[in-house]
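Quantities reported herein were computed from a predicted structural model and do not represent experimental measurements. Values below: every heavy atom of this structure, side chains too, minus hydrogens, waters and symmetry copies. Letters A, B, ... are given to chains in the order of the sequence lines, protein chains preceding strands, and every chain is numbered from 1.
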There are 2 protein chains.
Amino acid sequence: MQHIHIIGLGLLGGSFGLALQQAKPELSFSGWDSNLDHAHEALALGLVQRIEETIPAETDVVLLATPVDTLPGLAAQVLEQVGPDTLVIDLGSTKGALCTALSQHPKRAQFLAGHPIAGTEYSGPRAATAGLLERKVFIVCEMERTDLHLKEKAYALLESLNMKLRFMDPEEHDRHLAFVSHLSHATSFMLGETVLQKMEDDRHIFDMAGSGFASTVRLAKSSPAMWTPIFLENRSHMLDALDRYIANLQELRGTLDRGDSAALHARLKAINRIQTILDLEP
Amino acid sequence: MQHIHIIGLGLLGGSFGLALQQAKPELSFSGWDSNLDHAHEALALGLVQRIEETIPAETDVVLLATPVDTLPGLAAQVLEQVGPDTLVIDLGSTKGALCTALSQHPKRAQFLAGHPIAGTEYSGPRAATAGLLERKVFIVCEMERTDLHLKEKAYALLESLNMKLRFMDPEEHDRHLAFVSHLSHATSFMLGETVLQKMEDDRHIFDMAGSGFASTVRLAKSSPAMWTPIFLENRSHMLDALDRYIANLQELRGTLDRGDSAALHARLKAINRIQTILDLEP
């Protein structure tokens, strides 16, 4: 391996650039971002070593780190451009639509569908950090559809970052992620909206907000450009997750309305077991 | 001042014990917890200097740090026991029911209704830390009903911890806190419940949970003994907060179902302004 090219130099693409430069100093790195301000900022921050709109011929691996609605078109176009020894990896948070779109692509074997479980509520090149990916899970979908030799390039890069590989099919990925990631973002955005609406009556309401509120509403700072297409691409599973969540809230509402202390206590206690589950390392 | 007595030696009572011993080393500290294991643990951890079921005669300030449903009875009983120069402060998360219950108490002027905006998802003596209260907001309700001379004892203690005083009436307190604290706990518990239910189909779902989920579900680890009475005592405001939150979720559901990308993007973007609000120090 000699060269990595990263398209999309925000939080995730930029963090891969920083981390891989540290882990693989023998490689060279270029990148591109359709937002030229971001491209220049990424260069100034050292997320890549040069900015190139055209993918360099010597590129071993192209990383696609753009919003999920752009990925099917971008991946197809990049596959057309690269030679037969280049692997294209996407890092998108939904996998079903993308895998379906590329399913019949003549160069499908040069593509790896990936999703690193890593992020923060911030976005753009300045949000990138070298440590973001360390020891995080990297999910690979339809691994059997990627060329064996090219896949080894991906695994070498991911292992150099100490990432933990998990394999599943795209439908399973999207169904699971709706619950353990996309729903969290929706609940946090809606909590933020509810309290912002309330602030119109009570301007000083945030003076009384503690660390619990801050933690629960943190994801409401996330990028709309990234999250609008994630919610929409994963719509059917999101609707299922939202329906179950709303049903649980309505049941809670009923328990409160009835003043049923014993039922409420038992229910909160049963939920507490999430503590032991979350403390387990993946 | 010479002596402080703390009833309830968990997260909050214990943190006051630790912090005040550091800030006011000239004072002596006793405490009590109806859970005798907790009382012994608190003593071993140095949260207070001795365990006393009877409030010592030399006590200047009694801090009540027990679940909110126990506070009206406990506060009335403690007021009966103490001499005329002792101040009783409660630290409960709801204020309306307690202030009403004590409204006609002959020793009402010896009581201060307080609420420190500080906590974590953990509970019990081991959860107490000396830094928990540092620079946090301490809300005082019905300040005009507390004796001026006794109030100064409270302010001296709270200032020694660098706490920031805020004053409001109990109804306003409970209405605001429903939105910026109690609702967060409800949304987090219900997120935890929804994902735990989903785990019955997919045992490995938590492998895919990232830091966003962990942050959003953190409060679902909170103590049911503490939170059941808070939700129930603040029932009417909680029902209002839950109704508004559920309505926002249902509107989100509709937007997703229609696939209205522009509306969804605009809405998430409007919610992003919570970032600038949360970054303001209270």
Distance, nearest 0.5 Å, that separates OG of S93(B) from CG of N234(B):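 Taking OG in S93(B) and CG in N234(B), the distance rounds to 9.5 Å.
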Give a yes or no on whether the backbone of [Y] and the side-chain of [X] come within a donor-acceptor separation of less than 3.5 Å.
X       : Y       : result
S15(A)  : L132(A) : no
Y245(B) : T187(A) : yes
D169(B) : E142(B) : no
D174(A) : G96(A)  : yes

Do you know which of [options] has the most heavy-atom pairs under 4.5 Å to chain B?
options                            : result
E251(A), R218(A), K269(A)          : R218(A)
I117(A), D69(A), L249(A), L219(A)  : L249(A)
I246(A), D260(A), T120(A), L232(A) : L232(A)
A241(A), G259(A), A247(A), S223(A) : G259(A)
L239(A), V195(A), I139(A), T255(A) : L239(A)
A266(A), S261(A), A186(A), A270(A) : S261(A)

Please state whether the side chain, the backbone, both or neither of [X] comes within less than 4.5 Å of a heavy atom of chain B.
X       : result
L177(A) : side chain
R253(A) : both
Y122(A) : side chain
S211(A) : both
S236(A) : neither

Charged N-O contact under 4.0 Å between K95(B) and D90(B):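 Answer for the salt bridge query: yes.
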R244(B), part contacting chain A, at a heavy-atom distance under 4.5 Å: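 Looking at R244(B), backbone and side chain both touch chain A.
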Report the option among [options] that has the most heavy-atom pairs separated by less than 4.5 Å from atoms of chain A.
options                            : answer
M199(B), R267(B), K136(B)          : R267(B)
Q197(B), H185(B), M238(B)          : Q197(B)
N248(B), L191(B), V217(B), T216(B) : N248(B)
G192(B), G119(B), A220(B), A214(B) : A220(B)

Minimum heavy-atom distance A130(A)-A19(A), with the two atoms named: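 The pair with the smallest heavy-atom distance is O-CB, 3.5 Å.
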Atom CZ of R126(B): over 12 foreign heavy atoms under 6.0 Å: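 No, CZ of R126(B) has 12 or fewer neighbouring heavy atoms, counting only those of other groups under 6.0 Å.
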Centroid-centroid distance, W227(B) to H265(A), less than 6.0 Å: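 No, the ring centres sit 6.0 Å or more apart.
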pair H237(B)-E171(B): side-chain heavy atoms closer than 4.5 Å: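 A side-chain contact under 4.5 Å exists here.
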